[in-house]
Amino acid sequence: SQQGEEDPQALSIQEGENATMNCSYKTSINNLQWYRQNSGRGLVHLILIRSNEREKHSGRLRVTLDTSKKSSSLLITASRAADTASYFCATVPYSGAGSYQLTFGKGTKLSVIP
Amino acid sequence: NAGVTQTPKFQVLKTGQSMTLQCAQDMNHNSMYWYRQDPGMGLRLIYYSASEGTTDKGEVPNGYNVSRLNKREFSLRLESAAPSQTSVYFCASSDWAGNTEAFFGQGTRLTVV
């Protein structure tokens with residue numbers, strides 16, 4: 001079964017607004033990664049956050065990780081129409097069987113309206 | 001820099017036919033993956049290769065086989081295609097399985113009729 005679950009499934013905002021997407025997962029992780037997919041294209045890596053980190057920034061992106069709640073959030077500030085895409089979280093288990101697997105959730109579809 | 005290259009980009013198969021999806025990366029990565037993406041299901045891991053010479057099953061391996069031909073190439077074979085295998089297939093690679101970012105190919109859109 002898929003490890004991560006994103007919430008909401010779909011999000012529609014106005015250009016300039018902030019967008020927040022959440023990811024919950026089930027088992028202990030080594031790290032959690034966020035990816036973007038434009039329609040019909042391959043996925044592009046955004047940020048990797050390790051289990052001992054709580055927050056990371058990259059440009060207009062901010063990712064937080066709460067291992068006690070087994071959840072992460074991705075914040076996109078000052079959104080642009082070009083941010084319209086699907087966003088996926090992916091997790092890598094901490095150890096044991098499958099510890100090399102990169103497992104994706106079902107994604108959040110973000111629409112930014114100009 | 002080509003990154004991860006998948007061939008073909010599109011394919012239509014008849015039920016029962018076989019085919020091999022090819023994937024090659026030029027980043028000297030150790031690990032490679034095959035995923036399928038279906039509407040509303042996100043990406044599901046079919047098989048992965050943590051390093052050259054090893055392959056392991058993912059979440060949905062039934063009906064597929066893989067070969068890690070060398071460090072660069074990782075192929076996915078459908079021995080007897082079924083309509084349920086209609087999907088978009090993505091190959092990915094990373095420097096070290098699970099510990100670094102993954103780079104994706106552009107996908108193969110497969111239809112089985």
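Nothing here was measured: the structure is a model prediction, and the numbers come from that model. Proteins get letters first, then strands, A, B, ... in listed order; numbering begins at 1 in each.
- A:L74 and A:L48 are not part of a single hydrophobic cluster, where members link through side-chain heavy atoms under 4.5 Å apart.
- Rounding to the nearest 0.5 angstrom, the gap separating the CG atom in A:L46 from the CD atom in B:E101 is 10.0 Å.
- By the 4.5 Å heavy-atom criterion applied to side chains, B:L43 and A:T103 are not counted as neighbours.
- Hydrophobic clustering (ILVMFWY, side-chain heavy atoms < 4.5 Å, transitive): B:F90 and B:F74 are in distinct clusters.
- The 12-atom threshold is exceeded at CZ of A:R60, counting heavy atoms of other residues, nucleotides or ligands nearer than 6.0 Å.
- For the atom pair A:R41 CZ and B:F104 CZ, the distance stands at 14.5 Å (nearest 0.5 Å).
- Between chain A and the options B:V88, B:T100, B:D56, the largest number of non-hydrogen pairs under 4.5 Å is found for B:T100.
- Of the atoms belonging to A:L43, heavy atoms from both backbone and side chain fall under 4.5 Å from chain B.
- Within 6.0 Å of the CD atom in B:E79, the count of heavy atoms belonging to other residues, nucleotides or ligands exceeds 12.
- Within a 6.0 Å radius of NZ in B:K57, no more than 12 heavy atoms belonging to other residues, nucleotides or ligands are found.
- In this structure, chain A has heavy atoms under 4.5 Å from both the backbone and the side chain of B:A102.
- In the hydrophobic clustering of ILVMFWY residues, with side-chain heavy atoms under 4.5 Å counting as a link, A:L102 and B:Y47 come out apart.
- When only modelled atom types and interatomic distance are considered, B:Q37 and A:Q37 share a side-chain donor-acceptor pair under 3.5 Å.
- Contact of the B:F103 side chain with the A:H45 side chain is not registered, since no non-hydrogen atoms from C-beta on lie closer than 4.5 Å.
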